[in-house]
Amino acid sequence: MDLLRHGPHRVSPTAHYTGYVWARHGLGDERLATREGAVLYHGLRPAMALSGALGGVRLEDFLLARHGVLDHLLDAAIEAGEIGSVIEIAAGMSPRGKRFAERYGKRITYVETDLPAMIARKRLALGPLPDGHRVEELDALAPGGLERLASTLDRERGLAVVSEGLLNYLPAAEVAGLWQSVAVAMEEGFPQGLLLSDIHLEGENAGPVESAFAAALGVFVRGRIHFHFQRAEEAENALRTAGFAHATLHAPRAFADAVPGADRAGAQKVRIVEARLR
Ligand SMILES: C[S@@+](CC[C@H](N)C(=O)[O-])C[C@H]1O[C@@H](n2cnc3c(N)ncnc32)[C@H](O)[C@@H]1O
């Protein structure tokens, strides 16, 4: 099936899958739910139902929790006046950029980025965009790429960098390099820098159900799922080493009052990174 490709495109099927999940749960634009997403979603339903029945851990629970908590933290930072520009890396078919661009209008610039094939697909799906909502090619691992993009943004206001569903597909050295290049880009004159991401810790995904689940995801993208850190403190230290002054890995349940479903069992398999440059 040409949907499941090797090389740099190996994680793109999951972007179609999650794009379909977001649309199905009313989180955004129907145009971002692709035919590939529908085929994968319905094809994987029996396996997902089985893993849910075995361990009470449902993929959609952690997907929705991570999406909701990331939205919540980004909203809070924009509302607080801390952030004027957002770069979302590996945005896939996520509706977040469209939602935030509509919600905040001229108050923010939102730049969604991904690899070229995904960006072409997204531009086609979204059609003409308003000022302040950009959809651009960016290989997040290419040296200097983030810095160049950040240099096009307003240095009078803070910069947020968001990634969702990317880190556990990357080996540890690439995650460390990515965090460092995000910090370097933010240091180029922005009054504040905020990094928001999701990440799975080995210590919280080590049981037999979780291992089977990670293996299934690995097959699904024909690649390995990487766990880089056993515990939250190790990741927080690595973020400080990369250049962030403050770093916290939140458990979704901490946001149960604000984000529906954040206290479900599946939601506890993921952590949300909130790191600040200053
Ligand atoms: C699992 S999907 C997540 C998509 C979206 N963030 C979401 O949560 O729905 C991973 C995305 O990472 C993108 N990607 C993979 N390697 C990348 C890289 N080096 N630079 C930028 N994007 C990349 C893929 O094209 C894909 O869209």
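Read the numbers this way: they start at 1 and go in the same order the structure lists the ligands and their atoms.
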Exercise. Side chain, backbone, both or neither: which part of Ala142 has a heavy atom under 4.0 Å from ligand 1?
Worked result: neither
Seminar exercise, completed: So for Leu138 against ligand 1, with non-hydrogen atoms under 4.0 Å, the contacting part is backbone
For this session: Could you check Glu102, Lys98, Glu112 and say which one makes a side chain to side chain donor-acceptor pair (under 3.5 Å) with His133?
Result: Glu112
Exercise. Which atoms of ligand 1 are found less than 4.0 Å from any heavy atom of Glu164?
Worked result: 3 (C), 5 (C), 6 (N), 8 (O)
Exercise. Between Arg107 and Glu79, does at least one N-O distance fall below 4.0 Å, as a salt bridge requires?
Worked result: yes
For this session: State whether Arg155 and Glu188 are salt-bridged, where the test is any N-O pair (Lys NZ or Arg NE/NH1/NH2 against Asp/Glu carboxylate O) under 4.0 Å.
Result: no
Exercise. Under 4.0 Å from any heavy atom of Ala15, which atoms of ligand 1 are there?
Worked result: 2 (S), 4 (C), 26 (C), 27 (O)
Problem set entry | Distance-only N or O hit between ligand 1 and Ser12, under 3.5 Å | no
Problem set entry | Met93, any N or O under 3.5 Å of ligand 1 N or O | no
Exercise. Can you list the atoms of ligand 1 that are under 4.0 Å from a heavy atom of Tyr169?
Worked result: 1 (C)
For this session: Would you mind listing which atoms of ligand 1 come within a distance below 4.0 Å of any non-hydrogen atom of Leu141?
Result: 19 (N)
For this session: Indicate yes or no for a side-chain donor-acceptor contact from Glu236 to the backbone of Leu249 under 3.5 Å, with no hydrogens or angles considered.
Result: yes
Exercise. Would the His200 and Phe62 ring centres measure less than 6.0 Å apart?
Worked result: yes
For this session: Taking the six-membered ring for Trp and the full ring for Phe, Tyr or His, determine whether the centres of His226 and Tyr169 are under 6.0 Å apart.
Result: no
Exercise. Out of Asn168, Leu115, Leu27, who gets a non-hydrogen atom closest to atom 16 (N) of ligand 1?
Worked result: Leu115
Exercise. Are the charged groups of Glu164 and Arg96 less than 4.0 angstrom apart, N to O?
Worked result: yes
Exercise. What pairs with Arg121 under side-chain hydrogen bond (donor to acceptor under 3.5 Å, both in side chains), at least two apart in sequence or on another chain?
Worked result: Glu36
Exercise. Of the listed options (Asp139, Leu32, Val162), which comes nearest to atom 19 (N) of ligand 1 when hydrogens are ignored and any heavy atom counts?
Worked result: Asp139
For this session: Give a yes or no answer on whether the side chain of Thr34 reaches the backbone of Gly37 with a donor-acceptor pair at less than 3.5 Å.
Result: yes
For this session: Would you check the N or O atoms of Thr18, main chain and side chain alike, for any that come under 3.5 Å of an N or O of ligand 1?
Result: yes
Exercise. Of the backbone atoms (N, CA, C, O) and the side-chain heavy atoms from C-beta on, which set of Arg66 has a member under 4.0 Å from an atom of ligand 1: side chain, backbone, both, or neither?
Worked result: side chain
Exercise. Do Asp114 and ligand 1 have an N or O pair less than 3.5 Å apart?
Worked result: yes
Problem set entry | Lys NZ or Arg CZ of Arg103 over Phe100 ring: under 6.0 Å, within 45° | yes
Exercise. Near Thr14, which atoms of ligand 1 are under 4.0 Å from a heavy atom of that residue?
Worked result: 1 (C), 2 (S)
Exercise. So, is Gly19 polar-close to ligand 1, with some N/O to N/O distance under 3.5 Å?
Worked result: no
